[in-house]
Chemist: 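Got a structure for you, written out below as structure tokens; questions coming shortly.
Every heavy atom of this structure was used, including side-chain atoms; hydrogens, water molecules and symmetry mates were not. Model, not experiment: these values are computed from the prediction.
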Amino acid sequence: MDNIQQFSGKKTADEKKQLASYALLHFINDLHATTLPNVLPIIKQALSLSLAQLGILNAAFGVMHFLGQPVSGYLADRQTRPWFAVWGPLLSIISIFMLPSAPHFAVAVLLCTTLGLGTALFHPQGNGMTGKIAMGRDMAFYLSLFTASGSFASAFGPILFVFWYSMLGKKLLPLMTFPYAVILLIMWRILSQYKIDTSNIASANTSRFFKEIKSVIGKIFDVFAIVTLRDIVFQGTKVFLPMLVIMRGGSHKSAAAVTFSVVISVAFANIIGGRLASVFSEKKLLLTTLALAPFAGIAGIYLKNFYGVAMLMLFFGLLEASAPATISMAQRRCPESMSTAASIASGTSWGVANLAAYPVGALADKIGLESTMYAVALIPWLITLWYAAGKFIRKGNP
């Protein structure tokens, strides 16, 4: 059945089915792609790896995710079927379930690379198709449901992986690939019946790729810059938060509980933020939440009790409440390149933020972890000042 999709404000039953399918695919992908930190200790012990080698494994995943998303988004905009969105997660699943059995370091690097490739294939098209189907006033809300499904998966993925590993062991773990392959085949049968109209999009070639990437960046540069700063705050705080808890005398279980709590808060914030963006405006939501976030961040880092955890949950929630809105803003500006726009506004910025974790750690070595986290929590006010300065300059010019 070849149905050329007609996207409108009010969602039909078919469109809702597709939106739910892409959200489920996001959950399945991130349920496995986010478990790499939990697999690295297993690999370290099995292959007697150094911490530097573990860093290479994590970098292999991050670099592929970072570099692969713009290419994936460009190609996804030209597909009449959702190849990347359905089968990218399968590559992630195969890679993570085979990783504990890697016989050599080189094989582990290869599997981390394919893990990054699988998730890099999925996200641009998943975001792009959700945006296309949801185009209208509620676009940010439907994108929030898509984003929240990944956030929930990020919280529960490590728990599920530890369960399967303890039940099956590393030799039988790859068998878990088969039930997921069946689920993805069902998803393919559902989604592939809806043909994507690409007749008004030029065919892919190298020169057009660089030209389109340049054009998209030019249209969404301010969104990309804001998202990158926001992701630096998110990653810079999340990566070092467990260490801060342990340095203050907490246990590893306490650190894990705090991390789980803030990730869950992000999932709910995605949905709330998406709805508020539909009621008010995406820009107002973005600027308001980022202006409020540092207050909660400073309080959360300062307080060393339950109230501190609650404030950190609010801090992460305020940071990420605007995530669906920023993807929506980017896609609205590039209606013919929605997957490409999503890849740059979310994937590339996420990669830059991961690279920024190194200077954050280096600063922590010099001035202390707590002081560094205070500094990182203040970064959203740079966006507030940027916007205020721009508004003042525009007002001063006749």
Chemist: Side chain of Ser21, backbone of Met187: donor and acceptor closer than 3.5 Å?
Modeler: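 Here the side-chain-to-backbone pair does not exist.
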Chemist: Can the positive tip of Lys219 be found less than 6.0 Å from the middle of the six-membered ring of Phe221, inside 45° of the ring normal?
Modeler: no
Chemist: I'd like to know if the side chain of Arg78 and the backbone of Tyr74 have a donor-acceptor N/O pair within less than 3.5 Å.
Modeler: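 Checking the backbone N and O of Tyr74 against the side chain of Arg78, a donor-acceptor pair under 3.5 Å is found.
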Chemist: For atom CE of Met98, is the number of surrounding heavy atoms from other residues, nucleotides or ligands below 6.0 Å larger than 12?
Modeler: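 For Met98, atom CE is not crowded (no more than 12 foreign heavy atoms under 6.0 Å).
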Chemist: Between the side chain of Ser265 and the main-chain N/O of Val262, is any donor-acceptor distance below 3.5 Å?
Modeler: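 Here the side-chain-to-backbone pair exists.
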Chemist: Given the rule in the salt bridge (charged side-chain N to carboxylate O under 4.0 Å, His left out) test, do Lys238 and Glu320 qualify, once you have shown the distances and angles that lead to the verdict?
Modeler: CA-CA 12 Å; Lys238 181 185 174 186; Glu320 291 299 301; over 6 Å; no
Chemist: Distance from Asp222 atom CG to Ile383 atom CD1, nearest 0.5 Å?
Modeler: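 These two atoms lie 11.0 Å from each other.
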Chemist: With the side chain counted from C-beta on, respond yes when Leu47 and Gln53 share a heavy-atom pair under 4.5 Å apart, and no when they do not.
Modeler: no
Chemist: Is there a path of hydrophobic side-chain contacts, each under 4.5 Å between heavy atoms, that joins Val376 and Leu363?
Modeler: no
Chemist: What ring pair (Phe, Tyr, Trp, His ring centres under 6.0 Å) pairs are there with at least one residue in residues 160-179, not counting sequence neighbours?
Modeler: none
Chemist: Measure the spacing between CG of Leu160 and OG1 of Thr35 and express it to the nearest 0.5 Å.
Modeler: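 Leu160 atom CG to Thr35 atom OG1 measures 9.0 Å (nearest 0.5 Å).
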Chemist: Does Lys211, at its NZ atom, have more than 12 non-hydrogen atoms belonging to other residues, nucleotides or ligands within less than 6.0 Å?
Modeler: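 Atom NZ in Lys211 is not crowded, with 12 or fewer foreign heavy atoms closer than 6.0 Å.
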Chemist: Would a hydrophobic clustering, with Ile, Leu, Val, Met, Phe, Trp and Tyr connected at side-chain separations under 4.5 Å, put Ile93 with Val162?
Modeler: no
Chemist: Distance check, rounded to the nearest 0.5 Å: Met329 atom CE versus Leu286 atom CG?
Modeler: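 Result: 5.5 Å between the selected atoms.
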Chemist: Verify, without hydrogens or angle tests, whether Ser72 (side chain) and Gln69 (backbone) share a donor-acceptor contact under 3.5 angstrom.
Modeler: no
Chemist: Could you tell me whether the side chain of His26 and the main chain of Phe146 form a donor-acceptor pair under 3.5 Å?
Modeler: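 Present.
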Chemist: So with a 6.0 Å cut-off around CZ of Phe268, is the heavy-atom count from everything else above 12?
Modeler: no
Chemist: Would you say that Val223 contacts Arg333 through its side chain, given a criterion of any heavy-atom pair below 4.5 Å between the two side chains?
Modeler: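 Answer yes - side chains close enough.
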Chemist: Report yes if some heavy atom in the side chain of Trp386 is under 4.5 Å from a heavy atom in the side chain of Ile226; otherwise report no.
Modeler: yes
Chemist: Once the angle between the rings of His32 and Tyr180 is folded into 0 to 90°, is it parallel (under 30°), tilted (30 to 60°) or perpendicular (over 60°)?
Modeler: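 Because their plane-to-plane angle is over 60°, the rings of His32 and Tyr180 count as perpendicular.
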Chemist: Side chains of Trp188 and Pro82, heavy atoms from C-beta outward: is any pair under 4.5 Å?
Modeler: yes
Chemist: Out of Asp231, Thr326, Thr228, which residue meets the side chain to side chain donor-acceptor pair (under 3.5 Å) rule with Ser349?
Modeler: Asp231
Chemist: Please lay out, stage by stage, how Asp77 and Ser337 fare under the test side chain to side chain donor-acceptor pair (under 3.5 Å).
Modeler: CA-CA 6 Å; Asp77 282 324; Ser337 307; 4.5 Å; no
Chemist: Above 12 or not: heavy atoms from other molecules or residues under 6.0 Å from CZ of Phe209?
Modeler: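 Enclosed.
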Chemist: Once rounded to the nearest 0.5 Å, what's the spacing between atom CG of Leu99 and atom CG of Leu110?
Modeler: 10.0 Å
Chemist: Supply the atom-to-atom distance Phe224 CZ to Ile344 CD1, rounded to the nearest 0.5 angstrom.
Modeler: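 Output value for this atom pair is 8.0 Å.
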Chemist: Taking it one step at a time, do Ser92 and Thr119 satisfy side chain to side chain donor-acceptor pair (under 3.5 Å)?
Modeler: CA-CA 6 Å; Ser92 298; Thr119 192; 5.0 Å; no
Chemist: Using a 3.5 Å distance criterion without hydrogens, assess whether the side chain of Asp30 forms a donor-acceptor pair with backbone atoms of Ser154.
Modeler: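 Side chain of Asp30 to backbone of Ser154, a donor-acceptor pair under 3.5 Å: no, none is there.
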Chemist: Could you check if a side-chain atom of Glu370 sits within less than 4.5 angstrom of a side-chain atom of Arg248, using non-hydrogen atoms only?
Modeler: yes
Chemist: Strictly distance-based, threshold 3.5 Å: is any side-chain N or O of Ser328 a donor or acceptor partner for the main-chain N or O of Pro324?
Modeler: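 Side chain of Ser328 to backbone of Pro324: no pair is present.
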Chemist: Check whether any side-chain heavy atom of Glu15 lies under 4.5 Å from a side-chain heavy atom of Tyr142, and answer yes or no.
Modeler: no
Chemist: Are Leu319 and Leu290 side-chain neighbours, meaning at least one heavy-atom pair lies under 4.5 Å?
Modeler: yes
Chemist: Less than 6.0 Å separating the ring centroids of Tyr22 and Phe122?
Modeler: no
Chemist: Kindly work out whether a path of hydrophobic side-chain contacts (I/L/V/M/F/W/Y, heavy atoms less than 4.5 Å apart) joins Trp381 to Met373.
Modeler: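 Trp381 clusters together with Met373.
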Chemist: Can you tell which of Val279, Ile272, Ile271 makes a side-chain contact (heavy atoms from CB on, under 4.5 Å) with Arg275?
Modeler: Val279
Chemist: Do Leu111 and Phe97 make a side-chain contact, defined as non-hydrogen atoms from C-beta onward lying under 4.5 Å apart?
Modeler: no
Chemist: So, taking the atom named CG in Leu90 and the one named OG1 in Thr177, what distance separates them when rounded to the nearest 0.5 Å?
Modeler: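 It comes to 7.0 Å.
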Chemist: How about Lys284: does its NZ atom have over 12 heavy atoms from other parts shown lying under 6.0 Å from it?
Modeler: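 Atom NZ in Lys284 is not crowded, with 12 or fewer foreign heavy atoms closer than 6.0 Å.
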